[in-house]
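Some notes on the structure that comes next.
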Amino acid sequence: MTLESILEALLFAADQPLSAERLQALFPELEQPSVAEIDQALQQLMAFYQPRALQLKRVASGYRFQVKADYATWLSRLFAEKPPKYSKAVLETLAIIAYRQPVTRGDIEDIRGVAVSSTIIKTLLERDWIKSVGHKDAPGKPALYATTKHFLDYFNLQSLAELPALLQPAEPDDSVLAANFDNSREQDQKTIESAQEQTDNRNENTAIAHSDR
Amino acid sequence: MTLESILEALLFAADQPLSAERLQALFPELEQPSVAEIDQALQQLMAFYQPRALQLKRVASGYRFQVKADYATWLSRLFAEKPPKYSKAVLETLAIIAYRQPVTRGDIEDIRGVAVSSTIIKTLLERDWIKSVGHKDAPGKPALYATTKHFLDYFNLQSLAELPALLQPAEPDDSVLAANFDNSREQDQKTIESAQEQTDNRNENTAIAHSDR
Amino acid sequence: MTTAALPIMPLAVVRGAPVDALPDDLYIPPDALRIFLEAFEGPLDLLLYLIKRQNLDIVDIPIARITEQYLGYIDMMSALKMELAAEYLVMAAWLAEIKSRLLLPRAPIQDDDEDDPRALLIKRLRMYEVMKNAAEGLNEWPRLERDIWLAQTDLPPMTLQPEPPTVELDMLLNAWQALLKRADQHRHHRIVQEPLSVRERMSLILERLHHVESVAFPLLFKLEEGRQGVLVTFLAILELSKEGLISIMQAEPLTMPMIAVAGKA
């Protein structure tokens, strides 16, 4: 056990910088090394750690081991705080924009039944999950929001059609599904022919779009 | 900046042990070294620090740099606060949980021959040394206790298998027991026959008991 | 051997017999006795001490002698009217029972009888001794805060950017379903669902119109998307029109319809 190794142990265990005098005082009275001897051992330690990821640094109140600044990027990953969770309001707003786009803030408020703060919209804009795709021709020209390509990438979706469908109360069996499919195809055909009817059929189309998935 | 030096920086900066998997996850997704590469770099670090006052130690929840126990005398001078001491009752309870887990409070009481206070269990739970791992299928559904990873970390262990071996084999050989049985039986008889002497002995016993303490 | 030679059992004291069972020449300051007994973790610990003090192995214990000594302590405690944990008295009764069995002729004793209280006592003492030793071993084992210190270092200055929250796809679906359920409860606010491909197309068309005055109706269609794609675009245009987000203009019959953002043209 050398003076150098004892100082090494002390400096690593300490949670604050230790001065040469403080280090000296930690030795039993009759075995105390001189401050000069301590300084010399500290120099050896400094030299030893010089090529490593840490350094023995001298600060105002003494000596302390410190991880070198070059490694700050890695350390920041280590200490990155656990991400908080989005509030229900944020999730609901995002869901409305995803499933009902393009929508204005007013539309979102109508569906949620409560005001939507600008913070929520800002959060989603900053995350690059939504964007404004235009303005509604209404008083105040409110922005129309839609989801972005980045939103699709984040959720690993090719297109919005891949968003999970609502859980149906009861799953229709395959044959029924196939029948509906064919029907709806014809219906679609008709719809194109007579745009007027389309609006009425909308519910059915929705169901088909979902079972298509 | 080598893998070894990055791991060195991370392990010195961390305030808790880091597993190879955790270390791996701290690298950007596309630059992640394999766990095998990390293990190898950790081996190099261990070897490098082997002659120093520190060691890279593997405990239950991962790797950590720590000052070797050889320097405890110096380090205890560094800290004004005395390390916490634990009563025999706490230690016996902890030992029973560690060696015979999972156990109920009743099991512990059977072995110790005395009631185990809730304070003891609470102390161990609060220190995060033990946890309830289920309930025994018995009247009252008593909790079953086992030790935690944190217990192993605190006691510098990688796994329960590293706990110091028990001093005695659990069960004596049956024949030996039977033989001794008869011997002691005879002794007992003698003892009973000369009960008079015993009372006199009692004084001595008590005296010894005192000087023993 | 004869039972006639036996003296009066101190057991009687445990049952509340007179205090004069305490020998006259014995004086232990009550405090000392209390402190002495407090050093033990219970009756097993005290018994173990009595056995070890005589350098005996547990399996060799002369039950009668140890019982005498154990009961001796119990007597003293009772005599001094000190409070005694119930476990000590239970053990005293148990020891007395074992001892009384030993006084009987050999007949009723079977060595490998599991119910034999003596074998059970030995078993319990052994187990306790093992665990008592284990506890001592554990106490000496190197541990943090006392023998081992974590190597701590200062950190270089760094900027910590909190990671944004993660959202799972099903969280989004759950939020949407909760909304629909809520809206259902307020009848007047029924939310009608369109196929998402249509809603997506609506956004795309709007975005496209954002930068231009107007777009000729056919230019919004991409033939390479096939019939399905054309249908989606068509439905999207109708829905946009219905929601008043775009206007469809036709200068005169049979000319190309133009699409523009509502209010822009």
Side-chain angles (χ1 to χ4, degrees), chain B residues 12-13 15 54 64-67 69 72 75-76 83-84 86 88-89 91-92 94-96 98-99 111-115 153-156 163-164 166-168 170 172 174 176-178 180-185 187-189 191-193 195-196 198-199 201-203 205-206 208-210 212-213, chain C residues 1 5-7 23 25-26 28 32 35-36 39 41-45 50 53 57 59-65 68-69 72 85 87 91 99 102-103 111-112 118-119 122 124 126-139 141-153 155:
Chain B
F12 271 114
D15 48 9
L54 319 175
R64 69 181 181 208
F65 274 112
Q66 60 189 40
V67 181
L75 300 193
S76 57
Y86 297 93
K88 272 201 246 173
L91 288 167
E92 283 181 11
L94 180 60
I96 291 168
Y99 283 93
I111 294 175
R112 297 194 59 227
V114 282
D153 288 350
Y154 193 88
F155 282 89
N156 211 27
L163 272 178
L166 294 178
L167 282 184
Q168 287 184 2
D174 273 356
V176 174
L177 189 71
N180 283 331
F181 217 80
D182 283 344
N183 277 340
S184 55
R185 190 175 289 286
Q187 274 186 335
D188 281 347
Q189 294 293 2
T191 319
I192 293 168
E193 278 161 21
Q196 203 56 53
Q198 268 216 335
T199 323
N201 282 345
R202 211 197 269 160
N203 294 345
N205 290 344
T206 316
I208 293 160
H210 283 145
D212 257 8
R213 283 199 74 253
Chain C
M1 71 190 158
L6 286 169
D25 56 345
L26 177 71
I28 303 167
I35 291 167
F36 171 68
E41 285 303 309
L44 289 171
D45 200 17
L50 296 174
R53 196 181 53 175
D57 188 20
V59 290
D60 288 331
I61 50 168
I63 285 285
R65 201 159 88 212
E68 287 296 338
Q69 292 172 1
E87 294 99 350
M91 179 62 77
K99 199 168 133 185
L102 291 169
L103 295 178
D111 277 356
D112 48 349
R118 192 175 182 284
I122 289 170
R124 288 191 64 185
R126 291 183 69 101
M127 176 58 87
Y128 178 70
E129 188 186 25
V130 166
M131 284 305 148
K132 186 180 150 81
N133 287 336
E136 283 162 10
L138 199 59
N139 196 28
W141 198 255
R143 62 177 192 236
L144 286 185
E145 296 182 278
R146 191 190 66 185
D147 313 293
I148 291 163
W149 279 268
L150 297 184
Q152 308 181 72
T153 56
L155 301 176

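This is a predicted model, so every value here is computed, not measured. In what follows, every chain begins at residue 1, and chains take the letters A, B, ... in the order their sequences are listed.
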Exercise. List in chain and number order the residues that pass salt bridge (Lys or Arg N to Asp or Glu O under 4.0 Å) with D45(C), two or more places apart in sequence or in another chain; answer none if no residue qualifies.
Key: K132(C)

Quiz item: What's the shortest heavy-atom distance between V114(B) and P43(C), and which atoms?
Solution: CG1-CD, 3.7 Å

Self-check item: Residue selection (most heavy-atom pairs with chain B, distance under 4.5 Å) from G42(C), A134(C), G137(C)
Solution: A134(C)

Practice problem: Examine whether an atom of L155(C) lies under 4.5 Å from a heavy atom of chain B, and if so say whether it belongs to the side chain, the backbone or both; otherwise answer neither. | Solution: side chain

Quiz prompt | Charged N-O contact under 4.0 Å between R112(B) and E92(B) | solution = yes

Quiz prompt | R64(B) versus chain C, the contacting section by heavy-atom distance below 4.5 Å | solution = side chain

Self-check item: side chain to side chain contact (heavy atoms under 4.5 Å, CB included) against L163(B), all qualifying residues, sequence neighbours excluded
Solution: A98(B), Y99(B), F151(B), L157(B), L160(B), L138(C)

Exercise. Among the options F155(B), F65(B), F12(B), pick out the one with the most heavy-atom pairs lying under 4.5 Å from chain C.
Key: F155(B)

